[in-house]
Amino acid sequence: MSFRAHSSQFPSVNMAQLSPTPIKDALQSTEPIDAIRVQGWVRTRRDSKDFSFIELNDGSSLRNLQIIAKKETLPNYADIQKLSTGASVVVQGALVASQGKGQKWELVADNIEIVGTADDSYPLQKKGHTPEFLREIAHLRPRSNLFGSVFRVRSRLAFAVHEFFQQRGFIYVHTPIITGSDCEGAGELFRVSTIDLTNPPRKNGEIDYTQDFFARQTYLTVSGQLEAEALALALAKVYTFGPTFRAENSNTSRHASEFWMIEPEMAFCDLNGNMDLAEEFVKYLIADARKHCPDEMELFATFVDKELLARLDFVLERPFQRIAYTDAVDLLKKSGERFEFPIGYGLNLQSEHERWLTEKHFKRPVTVFNFPKEIKPFYMRVSDDGRTVAAMDLLVPGIGEIVGGSQREERLDVLEENMRRHNMDPADYKWYLDLRRYGTVPHSGFGLGFERMLMFVTGVPNIRDVIPFARTPGSAEF
RNA sequence: UCCAGCGUAGCUCAGUGGUAGAGCGGUCGGCUGUUAACCGAUUGGUCGUAGGUUCGAAUCCUACCGCUGGAGCCA
């Protein structure tokens, strides 16, 4: 059995012989096609005197295929005239050069099978919906131009993530979703338990988690980093790409309770190598979307952010700014800008400070590195000055932190000391410390929020609009 | 969690103490190789919810709910 290039193994609805052609491919045809079959959803329909124009979209691209439905050739023409936005149809006919302006090809139908109708309660109109409204109909919004485009770009960039790392010899590793480590300092955790909440087993008044499913307390992962380190110290260069969960009651356009994170981890790599990789990675993803999703990017530039393409190209063209935390603090102090929050060594950079650096001063992505050890987690490598750790935050205009990473502390004694300083018991992290006992090496890695990257690439300003079904505090409807 | 703003027709909004409105959409008709079509008619409301002030509340007050923006936290 052979398949045509674009054949589908979907069970055919009625007409078994002809394989369906994606509309994307039909529109790129170089010559007329006598017999072609397409299937999709009606975006809009216009009547002419003796025929009807149907704009058909099948999700394969932003573009619609214009169907010509003629009264004289179609026995079900009366029903076709009742087709409204949202209905699903299978069309068979001839792809011919369009007589009208605006499209190269159109399909003159020999047969239109109405698969599913959509009545006048269908909420999507041809035009003019706000993202806020579409968010309320998350199950239908992929049929809109904007969200169809976002999700096609999301798919493409997910592919590009793997391409980037695989091309560079990284091994894709799967770190656990359910984790027993609760002290990574990366936010609140979702508890995973099969204990009966109405009648939990108790011991000395406390809930007895030794009777829980995993015989201990477990959570959804907030990061695969610690496990990725173990794999990096065997496979040298690894990356994770999977779901991540944060239970913080955080209500902003940049936070989701469930998101996807990419975490490369590299043995024999210092902070500079880490920063180099992060920059190369971010640029690679931008370039990939520019190259492979031109229609979608054009749509974002037209309807979401007029300056998107200029900004992305600007970012691609020049190196990111790198600045030590201490120097960034000095720069902010001397800026003459009136900030709401104080600036000083040992204080976290606030959003307004990050914005000033990346949007006003440098006007490009900025990598801040070498932070005071007091404001960073236990696993980051203490620098020779004893005051800072080899951490880095990559900030981009409009979004803020998109990458956070560090060189990891590879010295056993220093790491144990860091843990104690963070009120952690090294005994709880025996396996993690083993990595320093046996063949330790300098190593580095970072985490990149996939959705934040998508926001940056598409210009879509709310993280809820780059996830098909977003989970945020108080919201998990779909 | 904190601060601010907003909840009026399916959608986007106007209406700021005195009869509930427009555009778009939908429906019907007309016209037409159209393409965010065009022309005409028509449809459409518990003004977020509950309470209060008032002769009278979409409008003023209180509480709650929801949404949005910002902050904190972070990717």
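Below, chains carry the letters A, B, ... as their sequence lines are ordered, and counting in each starts from 1.
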Practice task
Answer with base, sugar-phosphate or nothing: what part of the nucleic acid does A/Phe53 contact at a heavy-atom distance below 4.0 Å?
Solution key: base

Exercise for the section: Rounded off to whole Å, could you give me the CD-to-C1' distance for the A/Glu401 and B/G72 pair? Expected result: 14 Å

Problem - Sugar-phosphate, base or nothing in reach of A/Glu451, heavy atoms under 4.0 Å - result: nothing

Problem - Pair A/Phe371 + A/Phe369: ring centers closer than 6.0 Å - result: no

Problem - Polar side-chain atom of A/Arg246 near backbone of A/Val222 as donor-acceptor pair, under 3.5 Å - result: yes

Exercise for the section: For A/Thr130, report the nucleic acid contact type (base, sugar-phosphate, nothing); a contact means any heavy atom under 4.0 Å. Expected result: sugar-phosphate

Fill in the blank from the handout: Here the distance between atom C1' of B/G33 and atom CD of A/Gln103, to the nearest Å, is 9 Å

Practice task
Flag the pair A/Arg63 and A/Asp295 as a salt bridge only when some basic side-chain nitrogen lies within less than 4.0 angstrom of an acidic carboxylate oxygen.
Solution key: yes

Handout entry: Under-4.0 Å salt bridge between A/Arg322 and A/Glu279
Key = yes

Practice task
Using a heavy-atom cut-off of under 4.0 Å over every strand shown, decide if A/Phe51 touches base, sugar-phosphate, or nothing.
Solution key: base

Exercise for the section: Check whether the side chain of A/Gln125 and the base of B/G25 form a donor-acceptor pair under 3.5 Å. Expected result: no

Exercise for the section: Assign A/Arg45 to base, sugar-phosphate, or nothing according to its heavy-atom contacts below 4.0 angstrom with the strands shown. Expected result: nothing

Practice task
Pick the P atom in B/A9 and in B/A4, then give their distance to the nearest Å.
Solution key: 27 Å

Problem - Centroid-centroid under 6.0 Å between A/Tyr172 and A/Phe165 rings - result: no

Practice task
Using the P atom on both, measure B/A75 against B/U49 and round to a whole Å.
Solution key: 42 Å

Problem - Listed nucleotide nearest any side-chain atom of A/Arg135, set B/C67, B/C73, B/G25 - result: B/C67

Exercise for the section: Remember a base hit wins even if backbone is also touched, and classify A/Gly404 as base, sugar-phosphate or nothing at under 4.0 Å, heavy atoms. Expected result: sugar-phosphate

Exercise for the section: Pick base, sugar-phosphate or nothing for A/Ser253, based on heavy-atom distances below 4.0 Å to the nucleic acid. Expected result: sugar-phosphate

Exercise for the section: Taking atom C1' in both B/U46 and B/G7, compute the distance separating them and give it to the nearest angstrom. Expected result: 15 Å

Exercise for the section: Determine whether any donor atom in the side chain of A/Ser351 lies under 3.5 Å from an acceptor atom in the base of B/G70, or the reverse, and answer yes or no. Expected result: no

Practice task
Could you check how far CG of A/Asp47 sits from P of B/G26, rounded to whole Å?
Solution key: 12 Å

Exercise for the section: With A/Lys376 as reference, evaluate A/Val382, A/Thr388, A/Asp393, A/Asn348 under the side chain to side chain contact (heavy atoms under 4.5 Å, CB included) test and give the passing residue. Expected result: A/Asp393

Problem - Polar pair under 3.5 Å, donor/acceptor by atom type, side chain A/Glu132, base B/G69 - result: no

Practice task
Tell me whether the OP1 or OP2 atom of B/C31 has a side-chain N or O from A/Ser48 closer than 4.0 Å.
Solution key: no

Problem - C1' atoms of B/C24 and B/C38, separation to the nearest Å - result: 15 Å

Exercise for the section: For A/Phe259 and B/A75, say yes or no: do the ring centres fall under 5.5 Å of each other while the ring planes differ by less than 30°? Expected result: yes

Practice task
Nearest whole angstrom, please: distance from the C1' of B/U68 to the CD of A/Glu136.
Solution key: 11 Å

Exercise for the section: In whole angstrom, give the distance that lies between atom NE2 of A/His129 and atom P of B/G26. Expected result: 10 Å

Completion exercise
Paired to B/U59 by Watson-Crick or G-U wobble criteria (both distances under 3.5 Å) is none

Exercise for the section: Kindly say if A/Arg355 contacts the phosphate of B/A71, meaning a side-chain N or O under 4.0 Å from OP1 or OP2. Expected result: yes

Handout entry: Side-chain donor/acceptor of A/Glu248 to base of B/U1, under 3.5 Å
Key = no

Exercise for the section: Classify the nucleic acid contact of A/Gln66 as base, sugar-phosphate or nothing, counting any heavy atom under 4.0 Å across all strands shown. Expected result: base

Problem - Nearest-angstrom distance, C1' atom, B/C60 to B/C3 - result: 24 Å

Handout entry: Short side-chain to backbone donor-acceptor contact, A/Ser48 and A/Asp50, under 3.5 Å
Key = no

Completion exercise
Which of B/G33, B/A75, B/U1 is nearest the side chain of A/Gln99? It is B/G33

Practice task
Check every strand shown and say whether A/Ile67 touches a base, only sugar-phosphate, or nothing at a heavy-atom separation below 4.0 Å.
Solution key: nothing

Exercise for the section: Could you tell me whether A/Arg43 contacts a base, only the sugar-phosphate backbone, or nothing, with contacts defined as non-hydrogen atoms closer than 4.0 Å? Expected result: nothing

Practice task
Taking the six-membered ring for Trp and the full ring for Phe, Tyr or His, determine whether the centres of A/Tyr325 and A/Tyr345 are under 6.0 Å apart.
Solution key: yes

Exercise for the section: Indicate, with a heavy-atom threshold strictly under 4.0 Å, whether A/Glu258 touches base, sugar-phosphate, or nothing. Expected result: nothing

Practice task
Whole angstrom is fine here: how far is it from CZ in A/Arg246 over to P in B/C73?
Solution key: 14 Å

Exercise for the section: Test for a donor-acceptor pair under 3.5 Å between the base of B/C74 and the side chain of A/Arg452, counting only N and O atoms. Expected result: yes

Practice task
May I ask you to verify whether the side chain of A/Ser250 and the base of B/C74 hold a donor-acceptor pair under 3.5 Å?
Solution key: no

Practice task
Would you indicate what A/Asn462 reaches in the nucleic acid, counting non-hydrogen atoms under 4.0 angstrom: base, sugar-phosphate, or nothing?
Solution key: sugar-phosphate

